[in-house]
A.B. asks: 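Sharing a structure below in C-alpha cells format, with a few things to ask.
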Amino acid sequence: MKVRKKLSGVLVVFLFWQMLLMQQQVEAADGPPDVSAEAAALIDVASGRILYAKNGSKKMRIASLTKTMTAIVAIESGRLQDVVTVPKEAVGVDGSSIYLKQGEKLTLEELLYGLMLRSGNDAAVAVAHHVGGSVPGFVYLMNEKAALIGMTHTNFTNPHGLDDSNMHYSTAEDMAKLSAYALHNPVFRQIVSTKVKSISWEGEKWDRRLQNKNKLLHLYNGADGVKTGYTKLAKRCLASSATRDGRQLAAITLNAPDDWNDSMKLLDWGFEHFAVSRVVTKGQTVQAGFVADEPSLRLVTINEFAYPLQNGEAEQLRTQVELVQPSVTKRMVGSHVGFLQVYLGDRLIGRVPLTVQDSSPASTPGRTRSFWDHVWEIMAGGMWSA
C-alpha cells in the first residue's frame with residue numbers, strides 16, 4: 001500500500017512538471033523567435049507599427065541596404081526614362097558591379113534595376129551623379145529624405161554602402177521605416193519584386209541579364225522584396241518583405257549569419273501573431289468629448305483607421321477627441337474641426353480627421369467644400385497615424 005502511495009506521489013509530481021514544461025513551450029512559441037542577427041526589426045508596412053525589435057536603435061553598418069534609399073530618392077527625384085551617360089566616376093567601383101563603361105548610355109530605370117537586383121555599386125554612383133549632380137549632392141538628398149521619414153539614428157555618406165566611412169550608419173528600426181516608406185511606391189515595389197530582368201548593354205551583342213540576389217523571392221511564400229547586403233565590416237544584412245492576404249510586412253536583419261532563416265521566422269511570427277483590426281470606421285459618429293450648441297450636431301469620422309494588434313491589445317484601445325475649439329456650432333457643418341485620436345495604452349497610434357454633420361430632418365446640406373477642405377483631406381491621406 002505504501003509503495004502504491006509513493007508511486008502515485010511520484011506520478012503527480014511528474015505530471016506537474018510535464019504540464020509546466022508544456023506551458024513554457026507554448027509561451028516560448030508565442031513569443032518572438034530567436035534570431036542570429038545582432039540587430040533586427042519587423043514592421044507592418046501599412047500602419048508603420050514596429051512589431052518586433054532586437055537592438056533596434058543600435059547604430060550599425062548597413063552595407064547595400066543603403067541602396068533602398070538610393071533607389072527611392074532617384075525614383076522620386078528623377079525621371080525613369082531619362083537617358084544617363086555613365087560618368088568616369090562610376091566605372092570600376094569596388095564590389096558588386098553591372099560592369100558599366102564610361103560614356104555608355106542607359107535609362108535611369110535600367111540603372112535602378114542594376115542597382116537593386118544585382119546590387120551594382122557602379123550603378124549607384126551613376127544614379128547619384130545623374131540625380132544629385134555628384135555623389136555629395138546626392139548624399140545630401142539621401143540624408144534630407146531620412147530626416148523627413150523620421151530616421152533619427154541614420155547618416156549616409158555614399159549611395160552604395162561600401163565601408164568608406166564610420167559615419168555611414170543606420171539602425172534596424174530606421175531601416176524598417178525606410179523599407180515601409182519605399183514599399184508604398186509602386187515603381188519601387190515593381191523593381192524589388194522582379195526576379196529576372198534584362199537591360200541594355202551598349203557595345204555588346206547581348207543584353208545584361210540581371211538575376212535578383214534576394215533568395216527569399218524563391219524561398220518564401222508571398223516574398224516581394226527588398227534588398228540584400230554584405231561587406232566585410234557590416235557582415236550579412238537583409239531587408240525582406242512579404243505580402244499575404246493583402247497585408248505586407250518588412251523585416252530587417254543586420255550582421256545576421258543566418259539571415260534567410262531569421263527573416264522567414266520574423267515574417268512568419270508577424271503574420272501569425274498580429275491581425276489588422278478596424279479600430280475606427282469611416283462615417284463613425286463620435287458620441288462624447290465635445291460640446292454642441294444644438295443637439296442635432298454630431299461629429300463624424302472622415303476616414304477609417306486600421307491597426308495591427310496582438311491578442312489582448314484590443315482592450316487597451318481608447319480614443320480622445322481633439323478639436324480646434326471646444327464647442328461645435330452649426331456654421332461648422334461640413335468643416336474639418338479636429339481629430340479623433342487613437343491610443344494603445346498611453347501611446348498615440350493614430351489620428352482620424354473629424355467633420356460636423358447636422359442630423360436634424362430639416363437640416364440643409366453643409367456648406368460647399370472649399371479648396372482648403374480638399375487640401376486637408378489629401379494631407380490626411382485616408383488616415384493619420386502616429
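Since the model is a prediction, treat every value here as computed from it, not as a measurement.
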A.B. asks: Is it possible for you to say whether Ile50 and Ile149 belong to one hydrophobic cluster, with membership spreading through side-chain heavy-atom contacts below 4.5 Å?
C.D. replies: no
A.B. asks: Between Thr68 (side chain only) and Ser179 (backbone N and O only), is there a donor and an acceptor less than 3.5 Å apart?
C.D. replies: no
A.B. asks: Closest approach of Leu254 and Met60, non-hydrogen atoms and distance?
C.D. replies: CB-CE, 4.0 Å
A.B. asks: If we ignore hydrogens and angles and just use 3.5 Å, is the side chain of Asp262 paired with the main-chain N or O of Ala37 as donor and acceptor?
C.D. replies: yes
A.B. asks: Side chains of Leu100 and Val93: closer than 4.5 Å at any heavy-atom pair?
C.D. replies: no
A.B. asks: Atom CG in Leu117, atom CZ in Arg209: separation rounded to 0.5 Å?
C.D. replies: 11.0 Å
A.B. asks: Indicate yes or no for a side-chain donor-acceptor contact from Lys54 to the backbone of Val35 under 3.5 Å, with no hydrogens or angles considered.
C.D. replies: yes
A.B. asks: Answer yes or no: does atom NZ of Lys101 have more than 12 heavy-atom neighbours from other residues, nucleotides or ligands under 6.0 Å?
C.D. replies: yes
A.B. asks: Would you find a donor on one side and an acceptor on the other, under 3.5 Å apart, between the side chain of Arg278 and the backbone of Ala306?
C.D. replies: no
A.B. asks: Working to the nearest 0.5 Å, report the span between OH of Tyr343 and CG of Leu317.
C.D. replies: 13.0 Å
A.B. asks: Are side-chain heavy atoms of His184 and Val45 found at a separation under 4.5 Å?
C.D. replies: yes
A.B. asks: Return yes when atom CG of Asp164 has more than 12 non-hydrogen atoms of other residues, nucleotides or ligands closer than 6.0 Å, and no otherwise.
C.D. replies: yes
A.B. asks: Keeping Thr285 on the side-chain end and Val300 on the backbone end, is there a donor-acceptor pair under 3.5 Å?
C.D. replies: no
A.B. asks: Got Thr228 and Asn214 here, is their nearest side-chain heavy-atom distance under 4.5 Å?
C.D. replies: yes
A.B. asks: Are the side chain of Thr253 and the backbone of Ala40 linked by a donor-acceptor contact shorter than 3.5 Å?
C.D. replies: no
A.B. asks: Does a donor on one side chain and an acceptor on the other come within less than 3.5 Å for Ser96 and Lys213?
C.D. replies: yes
A.B. asks: Would Thr319 and Val352 count as a side chain to side chain contact (heavy atoms under 4.5 Å, CB included) if you check the C-alpha gap in whole Å, the side-chain angles of each, and the deciding distance to 0.1 Å?
C.D. replies: CA-CA 10 Å; Thr319 59; Val352 182; over 6 Å; no
A.B. asks: If you take all heavy atoms of Lys227 and Ser64, which pair is closest and at what distance?
C.D. replies: CG-O, 3.5 Å
A.B. asks: Tell me, yes or no, whether the heavy-atom count around Arg244 atom CZ, taken from other residues, nucleotides or ligands under 6.0 Å, exceeds 12.
C.D. replies: yes
A.B. asks: Identify the two heavy atoms, one from Val135 and one from Pro159, that lie closest to each other, and give their separation to 0.1 Å.
C.D. replies: CG1-CD, 3.9 Å
A.B. asks: Please report the shortest heavy-atom distance between Tyr220 and Ala242, naming the atom on each side.
C.D. replies: CE2-CB, 3.6 Å
A.B. asks: Determine, step by step, whether Tyr230 and Asp259 satisfy the side chain to side chain contact (heavy atoms under 4.5 Å, CB included) criterion, reporting the C-alpha distance in whole Å, the side-chain angles of both residues, the deciding distance to 0.1 Å, and the verdict.
C.D. replies: CA-CA 11 Å; Tyr230 175 82; Asp259 51 359; over 6 Å; no
A.B. asks: List the steps, then state whether side chain to side chain contact (heavy atoms under 4.5 Å, CB included) holds for Arg49 with Leu309.
C.D. replies: CA-CA 10 Å; Arg49 181 181 185 182; Leu309 298 172; 4.1 Å; yes
A.B. asks: Are Lys235 and Glu38 close enough for a salt bridge, meaning some N to O gap below 4.0 Å?
C.D. replies: no
A.B. asks: With no hydrogens and no angle check, is any side-chain donor or acceptor of Arg208 less than 3.5 Å from a backbone partner on Ser200?
C.D. replies: yes
A.B. asks: Return the minimal non-hydrogen interatomic distance between Gly132 and Leu141, and the atom names on each side.
C.D. replies: CA-CD1, 4.3 Å
A.B. asks: Do Asp174 and Lys59 sit within salt-bridge range, that is, some charged N less than 4.0 Å from a carboxylate O?
C.D. replies: no
A.B. asks: Carefully, step by step, assess Asp224 and Arg189 under the rule side chain to side chain contact (heavy atoms under 4.5 Å, CB included).
C.D. replies: CA-CA 8 Å; Asp224 48 19; Arg189 287 201 307 271; over 6 Å; no
A.B. asks: Hey, is OH on Tyr99 packed in by over 12 heavy atoms from elsewhere, all under 6.0 Å?
C.D. replies: no
A.B. asks: Going by atom types alone, do Asn121 and Lys67 pair a side-chain donor with an acceptor below 3.5 Å?
C.D. replies: yes
A.B. asks: So Leu178 and Ile72, do their side chains get closer than 4.5 Å, heavy atoms only?
C.D. replies: yes
A.B. asks: Any donor-acceptor pair under 3.5 Å linking the side chain of Arg318 with the backbone of Gly345?
C.D. replies: yes
A.B. asks: Evaluate the side-chain proximity of Trp269 to Leu42: yes if any heavy-atom separation is below 4.5 Å, no if none is.
C.D. replies: yes
A.B. asks: Any ion pair linking Asp44 and Arg247 (charged N to carboxylate O, less than 4.0 Å)?
C.D. replies: yes
A.B. asks: How many angstroms lie between atom CD of Gln320 and atom CZ of Arg351, to the nearest 0.5 angstrom?
C.D. replies: 10.5 Å
A.B. asks: Could you check if a side-chain atom of Val127 sits within less than 4.5 angstrom of a side-chain atom of Val73, using non-hydrogen atoms only?
C.D. replies: no
A.B. asks: Going through the checks in order, is the side-chain hydrogen bond (donor to acceptor under 3.5 Å, both in side chains) test met by Asp122 and Ser97?
C.D. replies: CA-CA 6 Å; Asp122 51 354; Ser97 176; 2.8 Å; yes
A.B. asks: Find the distance between CE (Met69) and CE (Met142) and round it off to the nearest 0.5 Å.
C.D. replies: 6.5 Å
A.B. asks: Mark yes or no for whether Thr66, through its side chain, and Ala63, through its backbone, hold a donor-acceptor pair below 3.5 Å.
C.D. replies: yes
A.B. asks: Would you check if Asn303 and Pro353 make a side-chain contact, meaning some heavy-atom pair closer than 4.5 Å?
C.D. replies: yes
A.B. asks: Answer yes or no: is there a side-chain heavy-atom contact under 4.5 Å between Ile62 and Thr154?
C.D. replies: no
A.B. asks: What is the distance from atom CG of Leu297 to atom OG of Ser359, rounded to the nearest 0.5 Å?
C.D. replies: 7.5 Å
